[in-house]
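Quick caveat: nothing in here was measured; it's all calculated off a predicted structure. Heads up: numbering here begins at 1 and tracks the sequence.
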Amino acid sequence: KPGSRALLNQYGNWNPDGTYTIPGLPPDAYTVLLTTRGSNLIGERFDDVQCPRNSCDLSLGEPVAVGPEEHVDGIDATLDEGAVVAGIITDAETGVGVPNFCIGIYTVDGIYAAFACTDQDGNYGSSTGLPPGQYVAANQFFDNAIAGGYLPQVWTEDGSFRGCGVPCNVVLGDTFTVTGTTVSNAVNFEMQKGSAISGNVQADGAGLAGASVKLLDALAVEIDSTQTDLNGDYLFDGIGSGDYYIRTENGLGYEDRLHALPTDIVCDPDCNPFSGTVISADGSTDVTGIDFSLVQSGGISGLVTDSDTNPVAGVTVEAYNLLGSLVKSAITNVAGEYSIEGLGSGDHYVRSRNIQGYRDELYASTNCPTDCDVRLGTIVSVSSGMVTTGIDLELATGSAIEGTVATESSGGGQVPLNGAGISIYDASGILAAYLNTDANGYYKADGLNAGTYHVVTWNNAGWVDESADGSPCEGSCEPLN
């Protein structure tokens, strides 16, 4: 699309005579990139803008308009020869070339311009020609994982190692210059291997296969993940110097854990990573023995009924942790029964959400409108491998507010407005319900407590929003006004 570097899933391959066709395009305006792979020709953006891998200024080029069932011809290019960036990639410790390894070549602004992959001896040449200019290179192609346990690094003119972080900040590299078809430097890499962090995940006395293990950096940002093998073993390699946290995320019915000494912390599904034990790596020495022993998750079950003790099917029952964050949920069956599985041991809160016209309840016996604070409820304790039963909810029939939203037509009549947002606030200005109008402009908010409410509209179709008394809102509606 014009103004974008993202490629649409529409491609046309050159025929032997150089012609091409891209079929199946919906009517629109397009930017056309004409490029080759495995040659020294410079890709172009139509019309006649040198643009390897769409790396040029987004404002350049001529959009191509395609109408309904239109075949646009003459979108041609004559590609010029450019420079091929070449070099060798070796292992810094052994001096041996690294085969089948891909690097990325970028503009000095960090925009991807070409890639290159090594042969069996570690030699490479870029996949396309580059026009004159300055470039940087890194041993990370886009944000793909770096193979072989090597550290991410950028090219430097003196051949020294310069790390670039995860993902690699490619503009940290030294620049090399392309003039005509000549490159100022051989772009060689001597790659260094980093630390490895490894361990084992156990459950029920045996290695747990297929469990996800997450690696977090010192800021608790996830930078890598892996899965345990058949023996429950896992490995992160190519780890640079720094501090890290590790947690599990198994999805196999066991409580997840955050690595901590002397005892791992329950992390199911959330926990504070900074409460874990820091794992320090020096970028060269391996760290082993970061092991986990997982236990079966617990659960909460109960029955949802109306005020006449009739079971209510289709009600969503949610479990929250002590921070008030949603952890898991379940839906009641025809008998009104629910069972929330996969909960970590600890304390939880339970509430309902329904669209059947009942007032939602926070366990135990507390009305709970849309945004109620679940931490005001009764704590429900869960133990590992156990289901806490009898957490029942009784839903009372609620009041309702209904109405229609319409716009004025040019002839003076009214036209129903489909999809208009309706926000309903209680007397304190707390949101009690939010919904959209149907094709007839109709809405109905069920399950409301008795009381006074403020109703306002919200739309993005260009109409002036109103409160329920017909007062227009300037900008946006203030519910209590």
Side-chain angles (χ1 to χ4, degrees), residues 203-204 248-258 264-272 294-399 426 430-434 445-450:
D204 300 326
T248 65
E249 193 171 293
N250 71 95
L252 302 173
Y254 297 92
E255 286 184 358
D256 283 308
R257 292 287 191 270
L258 170 71
D264 291 336
I265 296 171
V266 175
C267 198
D268 194 21
D270 298 313
C271 59
N272 180 6
L294 307 186
V295 297
Q296 289 280 350
S297 299
I300 296 172
S301 67
L303 179 68
V304 178
T305 61
D306 62 19
S307 54
D308 294 323
T309 70
N310 298 308
V312 184
V315 175
T316 299
V317 183
E318 299 173 337
Y320 292 77
N321 61 22
L322 290 182
L323 298 176
S325 300
L326 177 64
V327 179
K328 300 275 187 178
S329 65
I331 298 176
T332 58
N333 60 21
V334 293
E337 300 165 334
Y338 75 91
S339 180
I340 303 175
E341 301 175 347
L343 295 175
S345 58
D347 295 334
H348 298 78
Y349 302 102
V350 176
R351 67 156 294 171
S352 70
R353 289 188 189 273
N354 81 95
I355 57 173
Q356 290 92 324
Y358 297 97
R359 290 186 296 183
D360 281 310
E361 180 179 313
L362 172 66
Y363 183 81
S365 302
T366 301
N367 288 333
C368 189
T370 302
D371 288 336
C372 78
D373 187 350
V374 296
R375 293 171 297 178
L376 299 177
T378 300
I379 287 177
V380 178
S381 297
V382 175
S383 300
S384 300
M386 304 291 290
V387 176
T388 302
T389 60
I391 307 303
D392 301 333
L393 302 171
E394 182 180 307
L395 309 186
T397 301
S399 300
D426 67 15
I430 297 174
L431 183 67
Y434 179 83
D446 294 303
L448 299 174
N449 296 326

Would you say that more than 12 heavy atoms from the other residues, nucleotides or ligands in this model lie under 6.0 Å from the CD1 of Ile355, or not?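 Open: at most 12 neighbouring heavy atoms sit under 6.0 Å from CD1 of Ile355.
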List the residues meeting salt bridge (charged side-chain N to carboxylate O under 4.0 Å, His left out) with Asp373, not counting sequence neighbours, and say none if there are none.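 For Asp373, the residues satisfying salt bridge (charged side-chain N to carboxylate O under 4.0 Å, His left out) (neighbours in sequence not counted) are Arg375.
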Taking only residues two or more places apart in sequence, or in another chain, which ones meet Arg359 in a salt bridge (charged side-chain N to carboxylate O under 4.0 Å, His left out)?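 Scan of Arg359 (salt bridge (charged side-chain N to carboxylate O under 4.0 Å, His left out), adjacent residues dropped) gives none.
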Restricting to pairs with a member in [range], which pass disulfide bond (SG atoms under 2.5 Å apart), not counting sequence neighbours?
range: residues 294-323; answer: none
range: residues 306-365; answer: none
range: residues 316-357; answer: none
range: residues 338-394; answer: Cys368-Cys372

Specify the closest pair of heavy atoms between [X] and [Y], including all atoms of both residues, with the distance to one decimal.
X: Ala432; Y: Leu448; value: CB-CD2, 4.2 Å
X: Gly336; Y: Pro311; value: N-CB, 3.7 Å
X: Tyr363; Y: Val380; value: CD2-CG2, 3.7 Å
X: Val315; Y: Ser352; value: CG1-CB, 3.9 Å
X: Leu294; Y: Glu255; value: CD2-O, 3.3 Å

Would you tabulate the side-chain donor-acceptor contacts of residues 321-328 under 3.5 Å, counting partners in other chains and residues two or more places apart, or write 'none'?
{"unit_1": "Asn321", "atom_1": "OD1", "unit_2": "Leu323", "atom_2": "N", "d": "3.0"}
{"unit_1": "Asn321", "atom_1": "OD1", "unit_2": "Gly324", "atom_2": "N", "d": "3.2"}
{"unit_1": "Asn321", "atom_1": "OD1", "unit_2": "Ser325", "atom_2": "N", "d": "3.0"}

Verify side-chain contact (heavy atoms from CB on, under 4.5 Å) between Thr305 and Glu394, making sure each step is shown before the conclusion. CA-CA 5 Å; Thr305 61; Glu394 182 180 307; 4.1 Å; yes
In Å and rounded to the nearest 0.5 Å, what is the [atom1] to [atom2] distance from [X] to [Y]?
X: Asp256; Y: Leu252; atom1: CG; atom2: CG; value: 9.0 Å
X: Leu395; Y: Asn367; atom1: CG; atom2: CG; value: 10.0 Å
X: Thr378; Y: Leu362; atom1: OG1; atom2: CG; value: 7.5 Å
X: Tyr358; Y: Thr397; atom1: OH; atom2: OG1; value: 5.5 Å
X: Arg351; Y: Leu393; atom1: CZ; atom2: CG; value: 10.0 Å
X: Ser384; Y: Tyr254; atom1: OG; atom2: OH; value: 12.5 Å

Taking it one step at a time, do Ile300 and Tyr338 satisfy side-chain contact (heavy atoms from CB on, under 4.5 Å)? CA-CA 8 Å; Ile300 296 172; Tyr338 75 91; 3.8 Å; yes
Quickly, which of Asp360, Val304, Ile331 forms a side chain to side chain contact (heavy atoms under 4.5 Å, CB included) with Thr316? Name it, please.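 The single option meeting the side chain to side chain contact (heavy atoms under 4.5 Å, CB included) with Thr316 is Ile331.
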Is the shortest heavy-atom distance from the side chain of Val382 to the side chain of Ser345 under 4.5 Å?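 A side-chain contact is absent here, since even the closest heavy-atom pair is not under 4.5 Å.
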Indicate yes or no: at least one non-hydrogen side-chain atom of Ile340 is less than 4.5 angstrom from one of Val317.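 In short, these two side chains touch, coming nearer than 4.5 Å.
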All side chain to side chain contact (heavy atoms under 4.5 Å, CB included) counterparts of [X], not counting sequence neighbours:
X: Glu337; answer: Leu303, Asn333, Ala335
X: Asp426; answer: Ser428, Ile430, Tyr453
X: Ser383; answer: Met386
X: Ser339; answer: Ser301, Glu341

Using atom types as modelled and distance alone, determine if a side-chain donor or acceptor of Thr388 lies under 3.5 Å from a backbone N or O of Ser381.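 Checking the backbone N and O of Ser381 against the side chain of Thr388, a donor-acceptor pair under 3.5 Å is found.
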For Gly314, is there any backbone N or O sitting under 3.5 Å from a side-chain donor or acceptor partner on Thr332?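 Yes, because the side chain of Thr332 sits within donor-acceptor range (under 3.5 Å) of the backbone of Gly314.
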Derivation of the side-chain contact (heavy atoms from CB on, under 4.5 Å) call for Tyr349 and Ile379: CA-CA 5 Å; Tyr349 302 102; Ile379 287 177; 3.7 Å; yes
Among residues two or more places apart or on two chains, list those pairs meeting salt bridge (charged side-chain N to carboxylate O under 4.0 Å, His left out) that have a residue in residues 303-320.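 Counting only pairs at least two positions apart or across chains, the salt bridge (charged side-chain N to carboxylate O under 4.0 Å, His left out) contacts touching residues 303-320 are Glu318-Arg353.
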List the steps and the verdict of side-chain contact (heavy atoms from CB on, under 4.5 Å) for Val295 and Arg257. CA-CA 10 Å; Val295 297; Arg257 292 287 191 270; 3.6 Å; yes
